[in-house]
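Input: a single structure, listed below in structure tokens.
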Amino acid sequence: MAQSRPLSTSRYNSSDSAGRLCQVPNLWFKRNEQRSQPPAVRMATNLKLFLSSKPPPHHNNHHCTTTTTLSRRRRHHLLPIPVSNRTFCSLQSFHSSKNNSNNYSRSRRRSYRVWSKAADVQSKDASDAAEVTVLTGRDRLLKVPTENIRNFSIIAHIDHGKSTLADKLLQVTGTVPSREMKEQFLDNMDLERERGITIKLQAARMRFMYEDRPYCLNLIDTPGHVDFSYEVSRSLAACEGALLVVDASQGVEAQTLANVYLALENNLEVIPVLNKIDLPGAEPNRVVQEIEEVIGLDCSNAIYCSAKEGIGIKEILNAIVQRIPPPLDSAGRPLRALIFDSYYDAYRGVIVYFRVIDGTVKKGDRILFMASGKDYFADEIGVLSPNQLQVDELYAGEVGYISASIRSVADARVGDTITHYSRKAEESLPGYKEATPMVFCGLFPIDADQFPDLRDALEKLQLNDAALKFEPETSSAMGFGFRCGFLGLLHMEIVQERLEREYNLSLITTAPSVVYRVNCTNGETVECSNPSLLPEPGKRRSVEEPIVKIEMLTPKDYIGSLMELTQERRGDFKEMKYITETRASLTYEMPLAEMVGDFFDQLKSRSKGYASMEYSFIGYKESDLIKLDVLINSEGVEPLSTIVHRDKAYSVGRALTQKLKELIPRQMFKVPIQACIGTKVIASESLSAIRKDVLAKCYGGDISRKKKLLKKQAAGKKRMKAIGKVDVPQEAFMAVLKLEKEVL
Amino acid sequence: MLKSTIAPMISTLQSKTKPQNLFPIKIATFSNAISQCPPTVRQNASLNTPTSQTPTYKLPPSSAYVHLPFCRKRCHYCDFPILALGSSSTQTADDDPRISNYIHILIREIEATRTHFDQHPPLETIFFGGGTPSLVPPSLVAKVLDTLRSKFGLCLDAEISMEMDPGTFDAKKLKELMGLGVNRVSLGVQAFQEELLKACGRAHGVEEVHEAIEIVGSCGVENWSMDLISSLPNQTQEMWEESLRLTVEAKPTHVSVYDLQIEKDTKFGSLYTPGEFPLPSNTQSAKFYQMASRKLSEANYNHYEVSSYSKNGFECKHNYTYWINKPFYAFGLGSASYINGTRYSRPKKLKDYTNYVQDLESGLVDFQEDDVDEVEMAMDVVMLSLRTSKGLELKSFREDFGSPVAVELCKVYEPYMKSGHVAFLDHRRREITEDEFSLLVLDDEKLENEIGFIRLSDPDGFLLSNELISLAFGVMDP
């Protein structure tokens, strides 16, 4: 992860005095960074807090101009003093999220202004400022009675403004000063911010004064994608309430539905919030009606807000206090804390985020993870606000983190229960599941030399991602690689992208496949995700494939094309409901294998982006599946084999053979390219032979040029894989694998 | 010398056989003492490879290529180092200072060439190539020949070839040249169709072609070659058939058929894409090649090299030195020599060439190289010998480069024997059958002992010689 750190930060890292200080922006920027100097960090953060504790956000620009010269002069004196911390913090925030590659010169140019701010504070009274901020910090850590704790999360569809709302809440409560605010604060990874999605969870403890009493609000962010619905369910289980954020112009989306149902299952108090009411297209009344009809949620006290414009934020905070019930005060019971997230920190081991359900946990306690059976000493406990602040103790109802030099996230999985080693809880908290990968694909380094790097990278990612599974795989065409299992397609894409981006690997990915269950004639049941490992036809009695229930919400205009799409994908129609006059919900049961390709892209393109979907795994079903083999010059090409439904075999076979014909260079003989089921050829193309490849003359015995040409030709052959006596270029494999992704 | 083999895991993959080290013994194998074995004077004429103890490339050259770069104009397919004289000077270039100046430099080059050999066999072949050597006045050719003779000696029955273009010589000139010792004419006819000649930018027409054939006949040149180009733009099967028919009727002792190559920096290169109209398709031009092979064989020509046909005993001895990887001198603009295992190409620009000669005279040029790369050498041998109908002689190849590479070569060609592109012959040049081969291939030792020659089939193997040779390259330089 460290690779993707912004350039400016690493630049400062090199300098001695600043090096330590620059940890601060790192902290803000990347959760998974080491915080080497907690006190300095805290101080810096709190200073910032202090600086911006008086809204509005853009207040002190005028100071800058007036004090510029002063600050420039002071700069030299001040450098060794911790004040410079702030400079770098501010710098970071100034550059905000988008342009991480800002270069040094730009930072320099900016630094005048930034410095002037720092100096401004400094000039008032450095010691005073420090004291106040420390107080503020302490304030946030102060305990409140259990009845003043509110734990909540935000449920929203992608782009409905969840992260913006979370940002605003942090700002308004002074948890994160507006100047430090990056957009989408909780989305830490570059990838998250770029894609506008939350992959890993974040949490934030806020202090809010309501009727002159301090309240502690814990926002537990949830990942916004179905692939991570288990994580969502765990973070919802750690809350008593949830904000249901719905875009006032878009209305309820499939994903929202799924998560609201999850929240209702967990008995959460759901507060409907209509966001983006400032937009011209907003129709809050229609959407309110939709929510009431679809979800059956009373929307009479729905809050209208615009997170972007800061409208309705106070109302939301008030509603959280008023309507969400406090946690049960069960501090006296044996400790039970629910892990809703964990991540791997290269220096401190796994950091576990949890909600204390019963009992209390103290620094230094020996804790036990009930599902994994591993025990550790809690080196450090603290709260997230949203950066980590150490505390000594956490009570029932509170949310926090533990650092206990845990080696791998597998030891402290999401959903596991933390208890005391010496005073064990009788029962673990319900709902723990081990993540089971649903989608598989092969990952191969393009450059075979990168194989060890790929393995290291996967191991590192796995430290942080217990759902990621991988095992080595060898393919005659692609060389050495891994077959990896993922929770879903997004998870797969994200892992691939992180491998390429953060570990600089160039990868070839095979078409995603699912896990088939093969009932063998000898009574055994074999699970198989790799076509080349599918038992012989003679040994198979039947093959079952995973089936998902898929729910699509779409404007009614696209119902037809979505039905067509689903039917093409062997979807089994279950239900159609009009949720409003103009929007309908379609429910299908469909093989997962049909969804792992480009189904989602298709759904989006056929509905001009308006439809949304949600799926859940419902089980295995027997299906007429066959293994489609590709033969080049009568030789089987294992890496191109796929498992497809018999009805689709013909079209897939045709597409594959045609593509291969385009991509394989002509050989010295005619080459048949065939797609077969067993021995039966279902599609066939033929590559005609090269007729002539001869150089006429060695003029005056000058053979050097001719030789060069032949060497080049020989080198070209070397880059190909020999399938029998046919040379197939690597690109052909890649193109076909890509094609498989499209047609399957 | 050999590239280190690819990452070990790759080698475990089921991919092409990648010989790891086919050249285990370094150059030692072919550095037998030359001094012990003085070269036999007439070995080249017999078209046999020399005795196995002496590496061919170490022999002192007994062939010389002389480049005479003058042309009236550049042909549209030509990217050769030539000097265009312009259309004004047709036959009377006798006093063109550009020619005499060049010949002067050329003579200086020959004289300045140092040979490093204790003994010099007299030259057995001289080849005047071009350009259009027939544009050079015989008196100047005589000077060149005199210089060569005095510098290296010249066998009485040496083959002295000259490329001559229709319209650049008359009977008198040819007689004169013959008087100087030129005894083989390579007549650059290229085509028998006016429109094709014109399209190629040739400086002559069909009439001159017939005249030239007439002159060559009337002057009694016993050994002459008709040079043709196939796959010209807009060339039809009928045209090609006609050219071949007229060629056979003219009764040359030798025919060269060059398949047109489109070179980048030529007019054709800018106009045409190989295989696309108006050039014949790949299939069509393969048919032309096959047709030449068939028609000329029917007329009792031996297809002894990819582009060369001859009556019995009329192979071009000079060109044959190339195919058997024998050393040769080269003189003149852009020419390439091969001495002591080193190939050297002279500058292609006149000015650079002049400077080069200057440096040569000042002793600043030295082609002596200490080391000859064995892999490169093996590639040369394979690439050149597979162009001939004789093929690669496996025994000497094995002696020079070791058994493993010889065995791998046989194995890489196994599928192509089955497809009819490659033939394996025993030591008595009997073709080994597929069944016999499949027995041999089980035992490396048998394989290398029983196989005498590897050759490409005519015409299918020859037609794909690039593919086949590059396969061999892949084996030799994994």
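Chain identifiers are assigned alphabetically (A, B, ...) following the order of the sequence lines, protein sequences preceding nucleic acid strands; residue numbering begins at 1 within each chain. Keep in mind it's a predicted model, so treat the numbers as computed, not measured.
Neither the backbone nor the side chain of B:I229 comes within contact range of chain A, judged by heavy atoms closer than 4.5 Å. Contact annotation for B:I469: only side-chain heavy atoms (C-beta onward) come within less than 4.5 Å of a heavy atom of chain A. Only the side chain of B:S345 comes within contact range of chain A, with heavy atoms under 4.5 Å apart. The contact between B:E376 and chain A is made by backbone and side chain atoms together, counting heavy-atom distances below 4.5 Å. Of the atoms belonging to B:Y416, it is side-chain heavy atoms, and not backbone ones, that fall under 4.5 Å from chain A.
Aromatic pair B:F328/B:Y65: ring centres not closer than 6.0 Å.
With sequence neighbours excluded, no residue forms a side-chain contact (heavy atoms from CB on, under 4.5 Å) with A:S634. A search for ring-ring contact (aromatic ring centres under 6.0 Å, His included) contacts involving B:H421 returns nothing, not counting sequence neighbours.
When each of A:K661, A:K670, A:R666 is checked for a side chain to side chain donor-acceptor pair (under 3.5 Å) with A:S688, only A:R666 meets the rule.
The CD1 atom of A:I703 lies 4.0 Å from the CE atom of B:M383; values are rounded to the nearest 0.5 Å.
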